[in-house]
Amino acid sequence: MSSSPESVIRALVACCLLGSVSGSLIAQSTGGEKKKVGEPPSILFEEVGEAARARYEHQTRSFGDRHKAQVLEMFTDGGAAVAVGDVNNDGKDDIFLVDSGEGRAHHLLLNLGLENGIPLFKDVARAAGVDGGNTDRDICADAIFLDVDNDGDLDLLVARFGTPLLYENLGGRVPKFKDISKETGFDRFANTIAMVAFDADGDGYVDLLLGNYFAPKNLLHLQVPHVLPNNLDYADNGGGVSFYLNTAGPDGRRRFVERTDWAGFDHHTGWTLDVGHGDLDNDGDQDVYLAGDYGTDRLFLNRGDGTFEDVTEDSLGWDTKKGMNVDMGDFDRNGFLDVYVTNITDEYMKECNMLWQNHGEGVFVDVSKETGTCDTDWGWGAKFADFDNDGWLDILATDGLRSGSEENYIPVLLENTIIVPGVDFSDLNAYPDIGDMTWSGYQKQRLFRNQGDGTFREMAEAARVDNDLDGRGLAIGDFDRDGRLDVVQTSANQPSLLYMNRSPRPGHWIGFDLRGSVSNGRAVGARVTITAGSETWIREVDGGNGYASSSTHRLHFGLGRVDALDSVEIRWPSGRVEKLARPTSIPGGGQAESQGEVGLLELNRYHLRVESEASVAHPEQPQSEGP
């Protein structure tokens with residue numbers, strides 16, 4: 001790796017004033033809000049998918065007449081996934097939409113910029129060489145952007161019920177991608193539905209953790225029908241997880257070597273639906289949370305060398321829920337990352353989601369009921385994000401399994417399978433045909449606004465994101481670069497949605513686009529801590545947290561009324577710490593770059609690149625110090 005500076009931080013950005021924060025907005029120390037009569041809601045979105053040329057319909061895989069095909073399709077309809085990232089390094093986030101139908105193409109949507117206030121996208125998947133992968137033996141299910149070789153370009157990994165596809169980004173305004181799956185070690189069959197890329201062993205390159213749902217049986221060429229979970233609460237016939245170390249091959253090029261057992265992931269048969277990573281114990285390395293369907297979630301702490309210790313029993317306890325999602329964020333601003341997991345809470349299952357409040361020292365307490373974030377019906381993807389820039393992380397969540405006719409499948413399922421003594425739940429033939437019946441469908445999405453006092457208020461309808469599609473993935477990005485976070489939603493067998501954030505009274509904000517040179521190229525695992533008076537915020541760069549989704553690598557902080565910072569600290573994955581003391585007050589908007597020298601970490605460049613017409617005061621030269 002290069003011994004050049006740890007960053008090109010392209011750090012940032014902007015305590016950007018996007019509207020008046022006086023008059024109609026009355027901020028309180030708790031982050032609560034008082035509204036005048038007739039005011040618009042604090043968070044407001046506009047769906048612009050069709051106008052932005054970003055609306056594409058997903059299709060699940062059809063199994064024809066084989067082994068209760070419709071039931072099997074129900075268990076494999078998680079492939080409506082989305083990844084967000086800047087694939088051509090032009091400063092604008094792009095979108096990758098996954099399809100799952102046989103022969104169906106994916107969509108790589110390049111962000112062309114704004115027209116009449118709406119970002120326009122162009123589908124270049126075919127030209128880029130990333131439109132394929134749905135074959136007669138493989139079903140595409142997830143995607144993440146990652147920088148495999150630290151060359152500065154985002155590569156693309158597509159998970160499949162089959163073998164993964166890894167595409168190397170060769171660069172260009174319309175980038176070309178090369179399939180390097182086999183030469184990098186991806187020839188092992190698994191029914192992978194989730195994945196994250198992060199540097200587990202601290203060598204400066206991202207490793208991979210894959211979550212596998214079914215056991216490694218080819219569902220498109222089944223020999224026997226016994227492939228479904230063998231127990232509704234304690235199933236032990238799933239696919240577990242697979243861990244791959246990023247290593248240098250004999251030719252110097254990067255390869256991925258399977259090291260699941262070496263890493264300590266003794267989770268070979270769980271029905272893994274999502275995986276997530278973050279520094280949960282504040283010791284500087286990345287830990288792992290696994291969301292398990294038909295059985296317990298698992299928590300693994302990193303020992304600091306890329307191996308992990310299972311601390312589930314002591315930190316979480318064992319559960320029998322249907323874990324669907326893993327996202328991490330410090331919702332209560334106590335300096336520790338919390339974890340949000342969606343479960344099933346609908347007409348026949350009352351499980352409740354889990355919002356694991358992290359108290360440090362391995363103590364996690366589920367506060368979903370107390371905070372008002374328990375119920376998302378049949379939950380799927382969910383993300384922490386500060387949508388109104390008030391300084392507190394909100395939660396957006398998708399839900400809904402299958403929307404069909406007026407006839408409800410649940411009573412049929414209960415009568416013929418669930419309550420039948422001695423039924424073999426793993427046998428496809430034990431399940432009644434579903435036809436066009438509805439199974440926990442037409443459920444509205446949820447938006448929980450953080451009140452800043454330890455509770456959330458559900459406001460999806462007021463914010464105009466309460467669609468009743470069968471939601472799956474949620475990816476976050478700022479597609480028009482206005483300092484308000486936007487959302488892409490994907491849904492099974494239904495069109496994708498692009499929600500532009502039109503919140504009318506947002507607070508100030510600041511954002512960071514980090515680049516590592518000793519650390520991995522996209523600084524996955526880096527933690528930024530900012531302070532202003534008694535206020536403190538933390539964010540970490542993640543490599544794909546959230547079910548069926550991967551969001552921008554850029555870090556975004558809402559700051560409320562704060563318009564000047566006391567300090568910014570960047571803790572890089574390498575362990576180096578860079579501190580910027582009193583960086584500046586930015587009343588208009590802009591972007592700053594800093595470059596720290598490796599070892600000494602002296603800051604030798606700090607300037608603003610103005611991106612608005614507002615005048616911006618030049619900051620004093622900030623200070624930097626080593627770890």
Side-chain angles (χ1 to χ4, degrees), residues 18 21 25-35 39-45 278 325-342 352-359 364-376 379 381-398 445-466 474 476 483-487 499 501 503-511 529-530 532 534-540 545-546 551 555-562:
L18 297 172
V21 293
L25 175 62
I26 303 175
Q28 301 174 328
S29 61
T30 62
E33 173 188 283
K34 295 180 181 178
K35 287 177 57 181
E39 282 185 348
S42 57
I43 302 175
L44 188 64
F45 288 93
N325 176 82
V326 182
D327 197 30
M328 299 183 186
D330 184 12
F331 85 89
D332 55 0
R333 288 172 48 189
N334 70 346
F336 290 91
L337 293 177
D338 309 299
V339 184
Y340 191 62
V341 181
T342 55
C352 194
N353 299 329
M354 295 180 292
L355 177 54
W356 290 111
Q357 187 177 42
N358 187 345
H359 292 265
F364 291 81
V365 179
D366 177 16
V367 295
S368 59
K369 290 183 179 178
E370 293 83 352
T371 58
T373 58
C374 160
D375 185 2
T376 53
K383 292 294 295 181
F384 286 108
D386 187 351
F387 292 115
D388 53 2
N389 290 341
D390 67 347
W392 298 92
L393 289 174
D394 311 301
I395 299 174
L396 181 63
T398 64
Q445 320 307 313
R446 304 293 209 282
L447 172 59
F448 301 105
R449 180 176 184 264
N450 193 330
Q451 300 293 89
D453 60 0
T455 67
F456 291 77
R457 178 172 61 88
E458 204 290 310
M459 57 167 297
E461 181 179 5
R464 300 180 184 173
V465 290
D466 64 329
L474 285 173
I476 308 297
R484 293 174 290 185
L485 293 175
D486 311 308
V487 179
Y499 284 108
N501 191 333
S503 299
R505 306 180 307 279
H508 299 167
W509 61 276
I510 190 169
T529 303
I530 63 176
S534 62
E535 305 280 355
T536 301
W537 297 262
I538 67 169
R539 298 283 190 274
E540 279 191 9
N545 290 354
S551 296
L555 295 181
H556 178 93
F557 295 77
L559 300 175
R561 291 187 172 209
V562 170

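All residue numbers refer to positions in the sequence shown, counting from 1.
- With a 4.5 Å cut-off on side-chain heavy atoms, M459 and S42 count as touching.
- Here the shortest heavy-atom pairing between A460 and L447 reads CB-N, 3.5 Å.
- Among residues at least two apart or in separate chains, salt bridge (charged side-chain N to carboxylate O under 4.0 Å, His left out) pairs with a member in residues 332-342 are R333-E535.
- Annotation: side chain of V562 is in contact with side chain of W537 (closest heavy-atom distance under 4.5 Å).
- Between F448 and T371, every side-chain heavy-atom pair lies at or beyond the 4.5 Å cut-off.
- Exactly one residue among D466, D394, D375 makes a salt bridge (Lys or Arg N to Asp or Glu O under 4.0 Å) with R446. That residue is D375.
- Remark: side-chain polar atoms of N389 are not paired, donor with acceptor, to backbone N or O of G560 under 3.5 angstrom.
- To the nearest 0.5 Å, atom CD of residue E540 and atom CG of residue L555 are 9.0 Å apart.
- Nearest heavy-atom pair across I538 and T529 is CG2-OG1, 3.6 Å.
- Q445 is not listed as a side-chain neighbour of V465, based on a closest heavy-atom distance of 4.5 Å or more.
- Inter-residue side-chain proximity for V339 and N358 is flagged as unmet; no heavy-atom pair is nearer than 4.5 Å.
- H359 and N334 share no donor-acceptor pair across their side chains, judged by distance under 3.5 Å alone.
- For the pair M354 and D366, the tightest heavy-atom approach, listed with the atom from each and the gap, is CA-OD1, 3.4 Å.
- D386 places a side-chain N or O within 3.5 Å of a backbone atom of G391 that can act as its donor or acceptor partner.
- Residues F331 and V367 have side chains in contact (heavy-atom distance under 4.5 Å, counting atoms from C-beta outward).
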Walk me through whether L559 and I530 qualify under side-chain contact (heavy atoms from CB on, under 4.5 Å). CA-CA 10 Å; L559 300 175; I530 63 176; 3.5 Å; yes

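- A cation-pi arrangement is present between R539 and F557 under the rule of less than 6.0 angstrom and at most 45 degrees off the ring axis.
- Taking the side chain as every heavy atom from C-beta outward, F387 and I476 approach each other to under 4.5 Å.
- Within 6.0 Å of CD in E370 there are more than 12 heavy atoms belonging to other residues, nucleotides or ligands.
- D327 places no side-chain N or O within 3.5 Å of a backbone atom of G546 that could act as its donor or acceptor partner.
- Considering only heavy atoms from C-beta on, N353 stays 4.5 Å or farther from T373 through its side chain.
- Residue P506 comes nearest to P504 through the heavy atom pair CD-C, 3.4 Å, listed as atom of the first residue, atom of the second, then distance.
- With values rounded to the nearest 0.5 angstrom, L355 atom CG is found 5.5 Å from F384 atom CZ.
- Atoms CZ and SG, on F456 and C374 in that order, are 13.5 Å from each other to the nearest 0.5 Å.
- Here the straight-line distance linking atom CZ of R561 with atom CG of D390 works out to 12.0 Å at 0.5 Å rounding.
- In this structure, Q357 CD and D330 CG are separated by 9.5 Å, a value rounded to the nearest 0.5 Å.
- Taking every heavy atom of both residues into account, P41 and L44 meet most closely at CG-CD1, 3.9 Å.
- Distance alone, capped at 3.5 Å, places no donor-acceptor pair between the N450 side chain and the W392 backbone.
- A donor-acceptor pair under 3.5 Å links the side-chain atoms of N501 to the main chain of L485, judged by distance alone.
- Residues I43 and S503 come closest through the heavy atom pair CA-OG, 3.3 Å.
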